[in-house]
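Quick caveat: nothing in here was measured; it's all calculated off a predicted structure.
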Amino acid sequence: MSKFTEYIGRQFGNPQGFVGKICCVIMNMINKAMYKKVVSLLHVSGQDKVLDIGYGNGYLLRCIYKKTKANLYGIDISEDMKIQAAKRNSKAVDDGKLFLDIGDCCNLKYADNNFEAVTSINTIYFWSDPVKGLSEIHRALKKGASFYNVVYTKEWLDRLSYTEKGFKKYEPEQLIEMGKQAGFENIRVTDIAAGKSFVVIYTK
């Protein structure tokens, strides 16, 4: 792996600066089917709270708000992306319904039983402790609410040179097992694009 390819891989995990902005635009384009799937699965209203983990430039948040007008929360490790996400979601900001934070999903600051839904697109590869992260999400979800965890298959990621370092790749069975360890009893997997991407739905 070249140093440049490794650098690009890091940018996908923690977008920063001009290159980070470009990487997020690329992600927006290649992840459209994922965003569409998540929005179709959400059943929330304007009074509900939705948390997006790894919101990046706020593309998914805008899609969710356009459909639901829900109260949107987000946590990301990139300060640069917080600025970009706020700009992209200016309508939600003006409506007083967007709350973005910088932090780690393995240590959520939110109260117990707080959210009607949690979403994440292609972030679990970078979590320091997936079981702890899932446990934190379980704690923050209301009873009966779901976490929609969207990922690319290990087979697909293995084809991409920039995922050789810094990406933890998972089979569906591994994601299910980690969810059980985190306290989820109702877990199901749904394909988005067969052999390429899927969503694991963890319901509390």
Side-chain angles (χ1 to χ4, degrees), residues 9-42 44 46 48-111 114-128 130 133-134 136-141 145-152 166-167 192 197 199-202:
R10 289 199 303 271
Q11 284 290 336
F12 279 109
N14 184 9
Q16 295 180 335
F18 177 76
V19 175
K21 292 179 184 179
I22 297 300
C23 285
C24 275
V25 171
I26 293 171
M27 285 188 278
N28 293 161
M29 291 188 293
I30 64 178
N31 294 342
K32 280 189 176 180
M34 294 177 157
Y35 302 136
K36 184 177 180 180
K37 182 67 173 182
V38 167
V39 172
S40 73
L41 290 170
L42 287 176
V44 296
D48 294 333
K49 295 179 181 178
V50 178
L51 171 65
D52 186 37
I53 292 171
Y55 51 77
N57 63 11
Y59 190 99
L60 177 60
L61 288 170
R62 188 174 68 174
C63 293
I64 294 172
Y65 194 69
K66 184 177 180 180
K67 178 186 177 183
T68 70
K69 298 299 187 289
N71 296 289
L72 302 180
Y73 291 74
I75 186 166
D76 198 292
I77 60 174
S78 173
E79 186 72 44
D80 288 357
M81 290 302 103
K82 181 179 179 180
I83 296 170
Q84 293 299 310
K87 288 180 180 178
R88 183 178 291 273
N89 289 276
S90 58
K91 180 64 168 64
V93 172
D94 292 342
D95 292 343
K97 305 195 77 172
L98 182 69
F99 311 92
L100 301 178
D101 289 307
I102 300 299
D104 186 344
C105 70
C106 295
N107 186 26
L108 297 178
K109 72 172 190 178
Y110 309 107
N114 195 44
F115 295 104
E116 277 77 17
V118 177
T119 61
S120 179
I121 308 288
N122 292 322
T123 70
I124 198 168
Y125 324 124
F126 312 109
W127 297 5
S128 59
L134 288 166
E136 280 288 272
I137 293 167
H138 182 273
R139 176 186 63 76
L141 279 170
S146 297
F147 168 43
Y148 302 90
N149 183 26
V150 179
V151 296
Y152 281 109
F167 282 68
I192 298 174
S197 59
V199 54
V200 186
I201 304 172
Y202 302 88

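For the side chain to side chain donor-acceptor pair (under 3.5 Å) test, residues two or more places apart in sequence or in another chain that qualify with S146 are T203. The ring-ring contact (aromatic ring centres under 6.0 Å, His included) check on Y110 picks up F115, with sequence neighbours excluded. For V39, the side-chain contact (heavy atoms from CB on, under 4.5 Å) test picks out L60, C63, I64, K67, with sequence neighbours left out. Partners of F147 by ring-ring contact (aromatic ring centres under 6.0 Å, His included), not counting sequence neighbours, listed by chain and number: Y202. By the side-chain contact (heavy atoms from CB on, under 4.5 Å) test, S128 pairs with D104, C106, sequence neighbours left out. With sequence neighbours excluded, the residues that form a side chain to side chain donor-acceptor pair (under 3.5 Å) with K49 are N114. Partners of K91 according to the salt bridge (Lys or Arg N to Asp or Glu O under 4.0 Å) rule, which considers only residues two or more places apart in sequence or in another chain, are D95. Remark: A117 pairs with L42, V44, V50, Y148 by the side-chain contact (heavy atoms from CB on, under 4.5 Å) rule, at least two apart or across chains. Scored by the side chain to side chain donor-acceptor pair (under 3.5 Å) test, D52 finds T119 as partners (sequence neighbours excluded). The side-chain contact (heavy atoms from CB on, under 4.5 Å) test applied to S197 returns M34, Y152, I192, A193, not counting sequence neighbours.
For the side-chain contact (heavy atoms from CB on, under 4.5 Å) with V199, the qualifying choice from N149, I121, L41 is L41, the only one to do so.
Rounded to the nearest 0.5 Å, atoms CG (L72) and CG (L100) are 8.5 Å apart. The distance from the OG1 atom of T68 to the CD atom of E116 is 10.5 Å, given to the nearest 0.5 Å. Distance OH/Y55 to CD1/I77: 10.5 Å, rounded to 0.5 Å. Rounding to the nearest 0.5 angstrom, the gap separating the CG atom in N71 from the CG atom in L51 is 12.5 Å. In this structure, CD1 in I124 is found 4.5 Å from CH2 in W127, a value given to the nearest 0.5 Å. Going from atom NZ of K82 over to atom CD1 of I75 covers 10.5 Å, rounded to the nearest 0.5 Å.
Nearest heavy atom pair, residue E136 against residue L108, reads OE1-N, 2.7 Å. Closest heavy-atom contact between I137 and I53: CD1-CD1, 3.4 Å.
Sorted by first then second residue, the ring pair (Phe, Tyr, Trp, His ring centres under 6.0 Å) pairs that include residues 81-105, not counting sequence neighbours, are Y73-F99.
With hydrogens and angles ignored, the 3.5 Å screen pairs no side-chain donor or acceptor of N89 with any backbone N or O of L98. Side-chain atoms of N57 do not come within 3.5 Å of backbone N or O of A85 as any donor-acceptor pair. A donor-acceptor pair under 3.5 Å is absent between the side-chain atoms of Y59 and the main chain of K32, judged by distance alone.
By the 4.5 Å heavy-atom criterion applied to side chains, V150 and K37 are not counted as neighbours.
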